[in-house]
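These figures come from a predicted structure and were not determined experimentally.
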Amino acid sequence: MIPPVQVRTLLIAIALLSTASIAAADETATGSARPARDGQAVQGNLSPELVKRTAEATAATRPELRRAPMTKAEKTIFDIQELGRTQVAELQKQIEPLAGGPARHALEIKVIQVKRDTEVQVLRALSAQALQRGDIAGSRAANDAIEMILHPKAPQTTMVPRSAPGAVSNQ
């Protein structure tokens with residue numbers, strides 16, 4: 001049995017390592033990764049023995065993750081999204097050196113258009129896939145979402161009659 005003090009220390013180490021790995025994964029996914037010293041700083045505060053025991057305990061308790069191969073429908077959606085991500089990343093690279101002004105604004109609008117177009121393409125693919133399955137309601141929902149993206153409705157306003165300033169109301 002592990003003494004309670006060591007269990008507490010081990011849990012703190014796991015939390016710190018998990019937080020650092022999640023932050024590093026998020027930074028890597030968003031392209032804002034910083035040098036590895038941030039993750040090393042967290043581990044540097046812990047004893048090497050504790051880091052080793054934490055890694056062993058984590059590996060022993062974590063089930064092996066296995067991904068099933070993508071279906072054709074999933075692959076279609078993934079390819080559309082990946083193309084959109086690639087286009088946005090290329091535009092972001094072009095935006096970074098620009099200080100401001102109309103050129104930067106035009107590229108930012110282009111990024112928004114690419115994201116919107118990618119979403120519309122995904123919804124069209126989902127609609128087609130729903131029709132192939134015979135899911136009319138799913139297809140209709142996807143088409144309604146496309147319509148809302150491409151042709152948003154203006155907000156509805158209602159006219160409320162008001163009395164003139166200083167007038168006495170009949171109520």
Side-chain angles (χ1 to χ4, degrees), residues 11-44 54-55 58-59 61-162:
L11 291 174
I12 291 170
I14 291 171
L16 289 173
L17 289 174
S18 298
T19 304
S21 65
I22 290 170
D26 183 45
E27 289 172 350
T28 302
T30 60
S32 62
R34 287 175 277 185
R37 67 177 185 268
D38 290 339
Q40 291 172 349
V42 172
Q43 290 181 358
T54 303
T58 304
T61 59
R62 184 179 298 162
E64 184 179 327
L65 297 176
R66 293 185 185 171
R67 290 196 66 124
M70 281 191 224
T71 64
K72 185 178 178 184
E74 291 171 336
K75 179 78 170 121
T76 301
I77 302 297
F78 177 80
D79 289 344
I80 293 169
Q81 291 173 334
E82 194 61 30
L83 178 63
R85 278 190 284 271
T86 303
Q87 290 174 345
V88 168
E90 289 172 6
L91 289 170
Q92 291 289 357
K93 287 179 186 175
Q94 294 174 11
I95 290 174
E96 284 177 8
L98 299 176
R104 182 181 182 102
H105 183 68
L107 286 173
E108 289 171 345
I109 289 174
K110 181 71 174 164
V111 167
I112 293 169
Q113 289 173 343
V114 167
K115 288 180 178 182
R116 186 191 68 211
D117 293 345
T118 300
E119 184 65 22
V120 168
Q121 289 175 355
V122 166
L123 288 168
R124 284 187 177 140
L126 289 173
S127 175
Q129 292 168 3
L131 281 177
Q132 286 178 342
R133 288 190 313 268
D135 182 10
I136 304 298
S139 177
R140 185 174 296 130
N143 287 328
D144 290 345
I146 292 170
E147 187 65 27
M148 286 174 43
I149 291 171
L150 295 179
H151 308 289
K153 294 180 181 177
Q156 298 293 321
T157 58
T158 57
M159 299 294 288
V160 177
R162 290 196 214 170

| request: Could you tell me whether Arg104 and Glu108 make a salt bridge, using a distance below 4.0 angstrom between a side-chain N and a carboxylate O? | output: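 Salt bridge present between Arg104 and Glu108.
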| message | Quick test of your reading of the model: are Arg140 and Asp144 salt-bridged, counting only N-O distances below 4.0 Å? | response | no
| task | Decide side chain to side chain contact (heavy atoms under 4.5 Å, CB included) for Ile146 and Glu119; before the verdict, give the C-alpha distance in whole Å, the side-chain angles of both, and the deciding distance to 0.1 Å. | result | CA-CA 8 Å; Ile146 292 170; Glu119 184 65 22; over 6 Å; no
| message | As a test of understanding, state which of Ile136, Asp135, Asn143 forms a side-chain contact (heavy atoms from CB on, under 4.5 Å) with Ser139. | response |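 Looking at Ile136, Asp135, Asn143, the match for Ser139 under the side-chain contact (heavy atoms from CB on, under 4.5 Å) is Asn143.
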| said: Can you confirm whether more than 12 heavy atoms, excluding those of Arg116, are under 6.0 Å from its CZ atom? | reply: yes
To the closest 0.5 Å, what do you measure between [atom1] ([X]) and [atom2] ([Y])?
| X | Y | atom1 | atom2 | value |
| --- | --- | --- | --- | --- |
| Ile109 | Leu91 | CD1 | CG | 12.5 Å |
| Leu123 | Glu147 | CG | CD | 12.0 Å |
| Ile80 | Leu126 | CD1 | CG | 8.0 Å |
| Ile77 | Gln121 | CD1 | CD | 10.0 Å |

Less than 4.5 Å apart, any side-chain heavy atom of [X] and any of [Y]?
| X | Y | result |
| --- | --- | --- |
| Arg85 | Gln81 | yes |
| Leu83 | Thr118 | no |
| Gln87 | Val111 | no |

| said: For a quick test of reading the model, state the closest non-hydrogen atom pair linking Thr76 to Ala125 and the distance between them. | reply: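 For Thr76 and Ala125, the tightest heavy-atom pair comes out as CG2-CB, 4.4 Å.
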